[in-house]
Amino acid sequence: MLKTVRIIILGAMCTILSAAGFDPPQPAAAKSQADEYEYPFQDPSLPVQKRVSDLLSRLTLEEKVSLMHQYQPAVPRLGIPAFKTGTEALHGVAWLGEATVFPQAFGLAHTWDRYLIKQIGSAVGDEVRGFHHLDPAANGVNVWAPVVDLLRDPRWGRNEEGYSEDPFLTGEIATAYASGLRGDHPFYLKTVPTLKHFLAYNNETDRGFSSSSIDPRNMHEYYLKPFETAISKKAAYGLMPAYNSVNDKPAILSPLLDSTVKRRWAGDDFFIVSDAFDPSGIVNDHKYYDSHEKAHAHAVKAGIDNFTDQGENPELTRNALTGALKQGLISEKDLDQALANTFSIRFRTGEFDPDELNPYSRLTDDVINSPKHQLLAKKAAEKAIVLLKNDQDLLPFNARKNESIAVIGPFGNALYEDWYSGTMPYRKTPLDEIADKIGKDRVSFAEGLEQSGFKSALTGKFVTAGRDGKQPLTAAADKLEKSAAFDAADWGESIFTLRAQANGLYVSLQDDGRLIADQKQPNGRTVKETFQFEQQSDGTFAIKNTANGKYLTAGKDGTLTAAAEKPATAAEKFSKTIIKSGTDEAVQLAKSADKAIVFVGNNPYINGRETEDRKDITLPPAQENLLKAVSKANTNTVLVVTSSYPFALNWAKAHIPAIIYSAHGGQEAGSALADILYGDVNPGGRLTQTWHTSVKELPDMMNYDIIKGKRTYKYFVGKPLFPFGHGLSYTAFRYSDLSLSSDSIKKDGSVTIRVNVTNTGGRKGDEVVQLYTSPLFKTRVKQPNLDLKDFQRVELAPKETKTVTFKLKQTDLAFWDVTRETFAVERGPYRISVGSSAADIRKTKRIFVQGETIRERNLRRKTNAEDYDDYKGVLITEESKYGGDAVKSSTTNAWIAYHDVRFKGEKRIEAKVASSGAGEIGIFLDHPQKGKQIGSLKVPDTSGLQNWKTVKASVRKSTGTHRVFFVFKGKVAIDSFQFER
């Protein structure tokens with residue numbers, strides 16, 4: 001009877017699967033006629049929560065502790081296989097061997113194409129399953145992607161990993177990619193997408209212990225939004241906290257992990273995994289606790305379900321959790337909750353169920369770099385390319401014309417992988433694909449690199465590299481021959497690479513300090529292939545390897561070693577002989593060609609990457625000089641920029657007629673670019689970040705306030721080099737007949753927006769139609785200049801018109817009201833703007849929105865100090881180790897302000913304050929220095945800013961509406977306050 005019921009239930013499941021587009025075999029074949037499941041958790045007909053509960057009930061406490069580590073061991077007695085979290089899949093499967101390499105995540109976002117991004121995510125998910133088929137224990141289906149950290153500063157080292165400076169666009173692209181990774185089955189997950197990195201993570205310098213100060217408006221309107229979108233839409237099933245602290249609390253311990261992520265957004269079947277070495281970093285980097293037991297206990301209670309630490313060695317995790325249990329810091333019930341979250345996900349991957357029920361079990365390694373995925377990689381690379389400028393319609397080139405092309409620059413015949421890239425199965429470079437399109441006889445190439453030889457002052461001989469990639473660099477050559485020639489590439493900030501002419505490989509630092517030309521490209525967690533040249537007073541150079549920070553020395557036999565601490569002592573001196581000027585060669589080719597293309601950009605392993613922020617956003621000097629020289633030699637010069645972030649292309653924008661931008665585009669990058677250059681494909685990509693003219697337009701890297709810092713297109717008040725959403729086409733588009741379904745939006749209502757878009761040119765092309773809003777009245781707080789609410793990428797044939805439709809909800813216009821700690825929509829007129837970029841608005845309409853009129857503030861209610869309206873010289877800090885925020889002074893004359901405060905004769909104030917060394921908080925009306933002082937809070941020394949003490953003070957009786965300033969003196973903090981009559 002039991003078996004009959006089970007077959008009926010499984011049969012019903014198969015019917016559901018078939019209706020969803022899957023057609024698994026009949027479940028009766030899954031087990032023999034006589035077999036029954038040994039344990040209830042093995043029964044796929046039971047609800048997940050019942051299966052999880054049964055499994056946990058059978059585990060010993062020791063087994064539970066062992067399963068809290070990233071590398072979950074098998075439990076053979078229960079038939080539980082080993083499981084590993086963390087397969088990298090940012091823009092293809094990484095670190096597991098050759099796999100399809102799609103454009104960088106930054107580039108994928110430039111497509112503004114949700115459907116395409118989901119297709120790519122699905123393809124990557126297929127390949128994850130393919131690798132899993134090869135080695136299930138080593139190649140897990142929990143993927144650590146996508147990265148949804150917002151790109152509020154282009155200097156961030158990991159800019160290439162994110163999508164956009166805009167939270168809506170980031171959320172939409174992340175949802176699309178994660179949805180593809182997840183798959184479309186109603187129950188089984190193709191992979192388990194895990195969002196990185198929660199929260200407010202956008203700097204590499206000191207990331208292990210730096211703190212991002214985030215006030216409530218920035219938190220709710222900006223930093224939380226993309227995470228909320230992808231999780232609440234059930235696209236992502238996992239989350240990874242960031243290394244940094246937020247408001248002085250390590251992100252791995254944030255109360256938001258449980259209160260917001262799990263309880264408000266995620267619901268069932270969701271887990272949180274730590275980043276590598278982050279749990280031990282609570283003690284080692286943040287110095288937040290003095291023991292791993294306390295740190296791990298807090299992390300579990302905060303919502304961490306799985307610990308990534310010490311690689312495959314679980315000892316630290318096991319010992320810390322065991323100790324925490326013995327000390328009573330956590331209970332077995334806490335472990336049960338964490339493991340329940342993890343196993344609920346494991347059940348949905350299908351690993352405990354018959355293969356015939358799980359459609360993704362049929363994916364094998366045949367899908368890896370399949371022809372279908374190669375075509376998708378090319379399509380993605382094409383759609384991600386942005387045409388920044390095209391004066392006099394220099395582009396596209398005509399392949400049928402008998403024109404010669406000079407391909408120039410270090411990116412003309414190279415494709416680079418990045419840290420989270422897969423290994424390219426093949427590389428289609430621009431040079432190869434342009435030559436393939438128009439014929440090799442019409443294409444010339446110059447890399448534009450200086451080729452030099454280096455003579456040791458000690459030996460009087462030239463430095464040579466072995467051809468086999470095994471011999472160390474040695475100053476032993478009498479003549480300047482090919483074996484003694486090196487190509488020096490300038491990557492900016494005085495960083496160079498040296499590639500040996502002897503074998504075409506890059507010079508790399510070895511563990512013993514010797515140098516060998518043995519690398520295909522700069523690579524690794526620590527890049528060992530970069531050098532700095534420091535000119536000495538006598539005209540020679542000391543050469544420093546940037547990996548170990550030491551200068552080259554020469555032994556008696558001439559062998560070079562990076563071993564000297566200072567250039568003035570043991571460092572060897574080298575004279576440099578220029579064999580060939582890359583610029584001179586490039587100029588000659590440009591002069592003899594009909595048109596020239598200069599390829600510049602960044603190396604993803606050198607210029608901005610994990611652990612390395614950029615100091616500037618300019619092109620490397622040698623690349624800029626090469627561009628200037630070539631364009632002077634040939635006015636028909638096109639600039640192609642390949643980079644992981646925006647550049648300040650001021651000279652180029654002013655002097656170069658045509659500019660193309662692409663993030664690193666993967667294995668098909670050259671093919672896509674050649675098709676764009678010659679018009680076989682019309683560019684339709686759009687920028688997802690504001691491109692600035694200088695870092696002078698950016699505030700300090702650690703300024704996370706996008707509102708007061710005037711960051712992103714939302715608040716930037718200058719004229720950008722290229723605006724958010726910008727991108728040109730080889731055709732033109734006309735917008736017409738913008739209409740609204742109503743001239744007002746009711747509370748909790750919506751309006752339908754329609755606009756006609758016509759391709760007025762002679763080529764098929766894509767337009768990205770962007771919908772923005774902005775208030776037309778004086779709002780209570782500063783609102784964005786423009787705010788992206790939706791977008792559509794539409795393809796139009798010549799002369800074709802399509803109607804683009806958007807739906808705007810009244811709640812889409814909400815801002816975070818600090819007076820009540822909730823989202824609110826202000827009543828008044830708003831502008832609906834539709835256009836091609838944030839600076840190219842084509843049509844607008846006015847609409848009246850029914851909402852609230854925000855009342856004057858009542859500070860007689862208990863007010864959290866961080867709910868201020870304005871500030872100077874303060875940072876947000878934690879109220880306690882387990883929750884809450886407060887405000888602390890960070891400079892002299894610091895203050896916080898509360899606007900529109902209605903006074904009705906208040907006589908007293910009560911506040912929770914803290915101080916290191918005692919201080920004072922003056923209370924002023926209308927101005928922090930010149931205003932009327934109505935009181936003062938004397939802050940005693942509480943031996944720390946989280947040791948709160950309640951103090952009371954009298955205030956001068958006031959009436960009317962005022963701005964209230966709390967002015968800090970000393971190292972003081974305030975948690976909350978309340979005026980009293």
Side-chain angles (χ1 to χ4, degrees), residues 149-150 152-153 197-203 205-225 227-228 239 241-261 275 278 281-282 285-289 295 298-299 301-304 699-709 711 816 818 821 863-891 894-896 911-916 942 944-948 966 968 971-977:
D149 298 300
L150 291 162
R152 49 114 217 180
D153 194 307
H197 309 81
F198 190 85
L199 179 72
Y201 170 40
N202 195 227
N203 64 278
T205 302
D206 300 331
R207 65 176 184 170
F209 54 86
S210 66
S211 180
S212 306
S213 180
I214 313 294
D215 65 31
R217 277 199 66 201
N218 279 278
M219 180 69 78
H220 290 279
E221 294 178 23
Y222 193 68
Y223 291 104
L224 288 174
K225 281 294 184 183
F227 290 95
E228 178 183 11
L239 181 76
Y243 286 117
N244 58 284
S245 286
V246 177
N247 299 343
D248 289 335
K249 189 188 302 296
I252 189 176
L253 304 179
S254 172
L256 295 171
L257 296 172
D258 184 62
S259 66
T260 299
V261 175
D275 207 341
D278 200 17
I282 300 170
D285 299 324
H286 291 282
K287 314 295 183 186
Y288 195 78
Y289 282 111
H298 191 162
K301 287 184 175 294
I304 302 301
D700 184 87
M701 189 72 175
M702 288 307 297
N703 183 338
Y704 272 79
D705 186 341
I706 69 157
I707 303 170
K708 198 173 181 69
R711 288 187 182 273
W816 185 256
V818 294
E821 298 183 325
T863 300
N864 290 322
E866 69 271 17
D867 287 328
Y868 51 65
D869 289 302
D870 199 2
Y871 69 94
K872 176 185 176 183
V874 301
L875 296 172
I876 309 295
T877 188
E878 62 176 0
E879 176 189 351
S880 71
K881 284 189 178 296
Y882 280 91
D885 289 328
V887 180
K888 66 180 181 180
S889 59
S890 64
T891 64
W895 52 259
I896 51 179
K912 283 176 64 177
V913 295
S915 174
S916 294
T942 62
L945 296 185
Q946 273 73 54
N947 297 324
W948 301 105
F966 286 48
F968 297 80
K971 293 182 179 180
V972 297
I974 181 168
D975 176 43
S976 61
F977 62 90

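Along the sequence shown, the residues carry numbers beginning at 1. FYI, side chains are in, hydrogens and waters are out, and symmetry mates aren't considered; it's all heavy atoms of this structure. Being a predicted model, the structure only gives us computed values, none of them experimental.
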### CG on L875 to CG on D885, rounded to 0.5 Å
12.0 Å

### Query
Do F977 and F966 make the cut of ring centroids closer than 6.0 angstrom?
yes

### Query
Does any non-hydrogen side-chain atom of R711 lie less than 4.5 Å from one of P699?
yes

### Message
Just to verify, what does E221 make a side-chain hydrogen bond (donor to acceptor under 3.5 Å, both in side chains) with, not counting sequence neighbours?
### Response
R217

### Query
Looking at residues at least two apart in the chain, or sitting in another chain, which of them share a side-chain hydrogen bond (donor to acceptor under 3.5 Å, both in side chains) with N202?
R152

#### Entry: Spacing of E866 atom CD and S976 atom OG [to the nearest 0.5 Å]
8.5 Å

### Query
Does anything in residues 251-260 pair up under salt bridge (charged side-chain N to carboxylate O under 4.0 Å, His left out), and if so which pairs, sequence neighbours excluded?
D258-R263

### Task
Please lay out, stage by stage, how N203 and Y704 fare under the test side-chain contact (heavy atoms from CB on, under 4.5 Å).
CA-CA 10 Å; N203 64 278; Y704 272 79; 2.6 Å; yes

### Task
Please report the closest heavy-atom contact between Y223 and A200, naming both atoms and the distance.
CD2-CA, 3.9 Å

### Query
Taking all non-hydrogen atoms of both residues, which atom of A911 and which atom of I974 are closest, and how far apart?
CB-CD1, 4.1 Å

### Query
Atom OG of S890 and atom NZ of K872: how far apart are they, to the nearest 0.5 Å?
10.5 Å

### Query
In Å and rounded to the nearest 0.5 Å, what is the CG to CE distance from D206 to M701?
11.5 Å

#### Entry: Results of side-chain hydrogen bond (donor to acceptor under 3.5 Å, both in side chains) for H298 - residues two or more places apart only
Y289

### Query
Do other residues, nucleotides or ligands put more than 12 heavy atoms under 6.0 Å from the NZ atom of K881?
yes

### Query
For A914 and G944, which heavy atoms make the closest approach, and how far apart are they?
CB-O, 3.6 Å

#### Entry: Plane angle bin for Y871 and Y868 - parallel if under 30°, tilted between 30 and 60°, otherwise perpendicular
tilted

### Query
Distance under 6.0 Å and angle within 45° of the ring axis: does K287 meet both against F209?
no

### Query
Donor-acceptor pair, T942 side chain versus N947 backbone, under 3.5 Å?
yes

### Sequence-distant partners of D867, side-chain hydrogen bond (donor to acceptor under 3.5 Å, both in side chains), two or more places apart
none

### Task
Take F198 and L224 through the test side-chain contact (heavy atoms from CB on, under 4.5 Å) and record every step on the way to the result.
CA-CA 8 Å; F198 190 85; L224 288 174; 3.8 Å; yes

### Task
Would you name the heavy atoms of M219 and V246 that are closest together and state the gap between them?
CE-CG1, 3.9 Å

### Query
Within the distance-only criterion (no hydrogens, no angle test), does the side chain of S880 pair as donor or acceptor with the backbone N or O of G883 below 3.5 angstrom?
yes

### Message
Counting C-beta onward and ignoring hydrogens, is there a side-chain heavy-atom pair between L253 and H286 closer than 4.5 Å?
### Response
no

### Query
Would you say the side chains of D215 and N218 form a donor-acceptor pair under 3.5 Å?
yes

### Message
Side chains of T260 and E228 only: does a donor on one sit below 3.5 Å from an acceptor on the other?
### Response
no

### Message
Suppose the criterion is salt bridge (charged side-chain N to carboxylate O under 4.0 Å, His left out): which pairs have a residue in residues 246-256, not counting sequence neighbours?
### Response
D248-K888, K249-E878

### Message
I'd like to know whether T877 forms a side-chain contact (heavy atoms from CB on, under 4.5 Å) with Q946, so could you lay out the CA-CA distance, the side-chain angles of the two residues, the decisive distance to 0.1 Å, and finally the verdict.
### Response
CA-CA 9 Å; T877 188; Q946 273 73 54; 3.2 Å; yes

### Task
Find out whether Y201 and R207 are in side-chain contact, i.e. whether some heavy atom of one side chain is under 4.5 Å from a heavy atom of the other.
yes

## Note on the structure
Only one of D975, N864, N247, L945 passes side chain to side chain contact (heavy atoms under 4.5 Å, CB included) with E879, and that residue is D975

### Message
Given 3.5 Å as the limit, does a donor-acceptor pair link the side chain of D705 with the main chain of K708, or not?
### Response
yes

### Task
Show the numbers, then the answer: is there a side-chain contact (heavy atoms from CB on, under 4.5 Å) between F227 and V261?
CA-CA 8 Å; F227 290 95; V261 175; over 6 Å; no

### Query
Heavy atoms, side chains only, cut-off 4.5 Å: are P241 and I304 in contact?
yes

### Task
Taking all heavy atoms of I876 and all of S213, pick out the closest pair and write down the distance.
N-OG, 2.8 Å

### Task
Locate the shortest heavy-atom distance separating G208 from D285; write the atom from each residue and the value.
O-CB, 3.5 Å

